[in-house]
Amino acid sequence: MAASGNPTASVGRSNVRIVVVGDQGTGKSSLIVSIATESFPENVPRVMPPTRLPADIYPDRVPITIIDTSSSPDNKAKLIGECQLADAIILTYACDRPATLDRLSTYWLPELRRLEVRVPVIVVGCKLDLRDEQQVSLEQVMSPIMQQYREIETCIECSALRQIQVPEVFYYAQKAVLHPTAPLFDQETQSLKARCIRALKRIFILCDNDKDGALSDAELNDFQPTEITGVKKVVQEKMPEGVNDRGLTLTGFLFLHALFIEKGRLETTWTVLRKFGYNDDLKLRDDLLPTSFKRAPDQCVELTEEALDFLKGIFAMFDIDSDGALRSAELEDLFSTAPESPWAESPYKDAAEKNVLGGLTLNGFLSEWALMTLLDPASSLANLVYIGYTGDPASAFTITRKRRVDRKRKVSQRNVVQCFVFGPKNAGKSALLNALIGRSFSEKYVPTTSECFAANFVDVPGVVKKALVMREIPEDGVKALLSNKESLAACDIAIFVHDSSDESSWKKTTELLVQVASHGENNGFEVPCLIVSAKDDLGPYQSAIQDSTRVSQDMGIETPIPVSIKLRDYNNVFRKIVTAAQNPHLSIPETEAGRNRKQYRRLVNRSLMFVSVGAAVAVVGLAAYRVYAARKNTSG
């Protein structure tokens, strides 16, 4: 799998900016003049102006801009600025001045770290022709330094006077940028990095056309023409399980690329990765994920039936033991061709239904996808592609109708319902989310400090099964949420949970209800609202029934729904939430201020109507008078 010469597009760059730094008198400027003119200069300026090397100087055909610097304290700010714009750093020392070599680890390398310059560093010993042969070898000196400073890509010594290894200096610097080691290989463990393995595994699967777990000679040749017999022989000698009677196995494929990298042939592996659309972060390039998710604030993105059918098939494929759930190992295997498992962290971790053994059920699997598509559709698309979806990305997603239109038409067509969950501390919000995903009730109270999610499918009679996404808003987070005018735009329904045995919990809940309702009225994003009376097993406080009836009547919403999560008496609360969301014109709370505004608008509209009628009568009267006057003049 030898790499061929790459056009500029294949490496994703139109220029490489190399900044040369080092102590004064170490040969920086002479090195630059030497590469540019292929000769040693007699008179060299203290600092060279920016120098551009043409594209055809190296096989990758990417032009290089070389920036010279001064180590003078007066030019420190300029030096820092140039380093922070660099794609790679060439750090020089003079072979005839050991003190300048010592300064690499005592000053320059720590300084680059302090400045947070995170680019490859090429250490270059200039003036090789003046080197004392009695000096310790470069490898002996640099080995401990390279162990400490992993950003050093390579070390090389050169002579501008004798034209020894000058082109190699800039070749290595360019190569470190275009074909970087860091994303692919862990120098400490001498092994491929996890993300590199995942990308190469995906490529292997895509090239294994007959899906027999090995790349045949024909598949290898289609993938990248090469000397197949020689490649397989090398793998078989070093790793027998890397080749079988059907061809090169995944183990052999990965071993081969590790071997390329160890031998310094990173361009071979990068050629393969870039051919399949990977960028330097080992993620697919943006131009390969073209779907636009432009939408209004009150529109959401959902998966289509085509995408859901694909996901159901993938679930069945990776459910090796056919127990109807994906164990951790099976789920990891499913996402082993993605840069990382997308659900390892919040908000997706533990957000969906699992069975008693901790396996993710099909409902839980599809719920996680519904949640990811709702919150981050671009990530959802990318992960669909990573795990093998080959259809048109546009056919995998649909953008919902605006909620304002749903309200006018008095029905919602959404298949994913987003429910914001408000309530004071210790009201039972988290318990309600846990109930949605089948998690057992816990007596231990753990305060929620940040937003968390739960998602599952809910059966509603006469309606297609809907995915319900519940988003818990901590009491302390309400102010920050409502500081955004469009914060309720994506909300299909809001519920307000209170501890039915605690009067103060009820009062705080009604205050939250008024805040949210006022926010919706003021910004044009009114949402249906329900009140949930949690901890019904504890019994209501003394005036609970009167208080809830009054608030429901005053604000024009349904009476609270009593539930006891502890006793598993859910009172069909999730079905009621989805049903209310499907009727977006109902259950919208009205504050006193909102009512007054409506009455005012009605009064203004009525006044305008009277004015309009009066004006119309006046116009008609004036026209009639003019006709009468005209006739009278004619008869006269």
Side-chain angles (χ1 to χ4, degrees), residues 1-16 59-62 87-88 118-120 153 174-187 191-209 215 219-220 222-226 248 250-291 332-342 344 376 378-393 396:
M1 296 183 194
S4 56
N6 299 342
T8 301
S10 69
V11 293
R13 283 180 176 269
S14 58
N15 185 66
V16 171
D60 283 305
R61 300 191 64 79
V62 177
D87 295 320
R118 297 187 177 93
V119 297
E153 194 77 19
Q174 185 198 60
K175 185 179 176 181
V177 176
L178 302 182
H179 311 297
T181 305
L184 307 183
F185 201 71
D186 188 321
Q187 300 280 14
S191 60
L192 294 174
K193 287 190 174 179
R195 190 174 281 191
C196 177
I197 292 173
R198 288 167 170 264
L200 290 173
K201 181 179 179 181
R202 176 173 174 268
I203 292 168
F204 179 91
I205 291 169
L206 290 173
C207 294
D208 182 15
N209 297 320
L215 297 182
E219 288 168 338
L220 275 170
D222 288 343
F223 162 54
Q224 190 172 14
T226 184
L248 189 70
L250 175 60
T251 302
F253 185 68
L254 295 175
F255 169 78
L256 188 62
H257 281 284
L259 195 62
F260 285 145
I261 294 167
E262 284 178 17
K263 300 292 185 185
R265 293 175 56 190
L266 288 98
E267 65 274 13
T268 304
T269 300
W270 275 115
T271 298
V272 171
L273 290 164
R274 287 178 176 132
K275 181 178 179 180
F276 284 84
Y278 284 91
N279 61 20
D280 285 0
D281 294 323
L282 295 184
K283 293 184 176 182
L284 289 175
R285 298 193 314 267
D286 291 342
D287 61 294
L288 296 178
L289 305 170
T291 299
E332 176 57 35
D333 195 24
L334 187 151
F335 283 116
S336 65
T337 50
E340 53 266 318
S341 178
D376 188 358
S379 178
S380 184
L381 168 59
N383 280 285
L384 270 179
V385 174
Y386 286 130
I387 66 173
Y389 182 77
T390 56
D392 179 3

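One-based numbering along the sequence shown. The structure presented is a predicted model; accordingly, all values stated were derived computationally and were not measured.
Scored by the ring-ring contact (aromatic ring centres under 6.0 Å, His included) test, Phe204 finds Phe253 as partners (sequence neighbours excluded). For Val119, the side chain to side chain contact (heavy atoms under 4.5 Å, CB included) criterion is met by Ile89, Val117, not counting sequence neighbours. Scanning for salt bridge (charged side-chain N to carboxylate O under 4.0 Å, His left out) contacts around Asp287 gives Arg285, with sequence neighbours left out. For Glu262, there are no side-chain hydrogen bond (donor to acceptor under 3.5 Å, both in side chains) partners at least two apart in sequence or on another chain. Under the rule for a salt bridge (charged side-chain N to carboxylate O under 4.0 Å, His left out), the partners of Asp333 that lie at least two apart in sequence or sit in another chain are Lys201. Listed by chain and residue number, Asp281, Leu282, Lys283, Pro339, Glu340 satisfy the side chain to side chain contact (heavy atoms under 4.5 Å, CB included) test with Arg195 (two or more places apart in sequence, or in another chain). Listed by chain and number, the residues in a side-chain hydrogen bond (donor to acceptor under 3.5 Å, both in side chains) with Asn383 are Ser379 (sequence neighbours excluded). Checked against salt bridge (charged side-chain N to carboxylate O under 4.0 Å, His left out), Arg202 has no partners two or more places apart in sequence or in another chain. Residues meeting the side chain to side chain contact (heavy atoms under 4.5 Å, CB included) test with Gln187, sequence neighbours left out: Arg150, Thr181, Phe185, Gln190. Shown here are the side-chain hydrogen bond (donor to acceptor under 3.5 Å, both in side chains) partners of Asp87, two or more places apart in sequence or in another chain: Arg13. Legend: residues meeting side-chain hydrogen bond (donor to acceptor under 3.5 Å, both in side chains) with Tyr386, ordered by chain and number and at least two apart, are absent.
No option in Ile261, Asp280, Asp60 other than Asp280 meets the side-chain contact (heavy atoms from CB on, under 4.5 Å) test with Trp270.
Of all the heavy atoms in Ala382 and Leu289, the pair that sits closest is CB-CD1, 3.8 Å. Listed here is the closest heavy atom pair of Lys193 and Ala182: NZ-O, 2.7 Å. Annotation for Cys196 and Pro183: closest pair CB-O, 4.1 Å, computed over non-hydrogen atoms. In terms of heavy-atom proximity, Arg198 sits nearest to Ser341 at NH1-N, 4.0 Å. For the residue pair Ala176 and Glu153, the shortest heavy atom distance occurs at CB-CG, 3.6 Å.
The closest donor-acceptor contact from the side chain of Glu219 to the backbone of Asn209 lies under 3.5 Å.
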(request) Evaluate the side chain to side chain contact (heavy atoms under 4.5 Å, CB included) criterion for residues Val177 and Val62: first the C-alpha distance (whole Å), next the side-chain angles of each, then the deciding distance (0.1 Å), finally the verdict. (result) CA-CA 11 Å; Val177 176; Val62 177; over 6 Å; no
(request) Using the side chain to side chain contact (heavy atoms under 4.5 Å, CB included) rule, take Tyr278 and Leu284 through it: C-alpha gap first, then chi angles, then the decisive distance, then the call. (result) CA-CA 4 Å; Tyr278 284 91; Leu284 289 175; 4.2 Å; yes
(message) Between Leu273 and Leu184, is the side chain to side chain contact (heavy atoms under 4.5 Å, CB included) condition met? List the steps.
(response) CA-CA 10 Å; Leu273 290 164; Leu184 307 183; 3.6 Å; yes
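Considering only heavy atoms from C-beta on, Ile203 stays 4.5 Å or farther from Thr337 through its side chain.
For the atom pair Thr269 OG1 and Leu192 CG, the distance stands at 7.5 Å (nearest 0.5 Å). Atom CG of Leu250 and atom CG of Asp208 lie 9.5 Å apart (nearest 0.5 Å).
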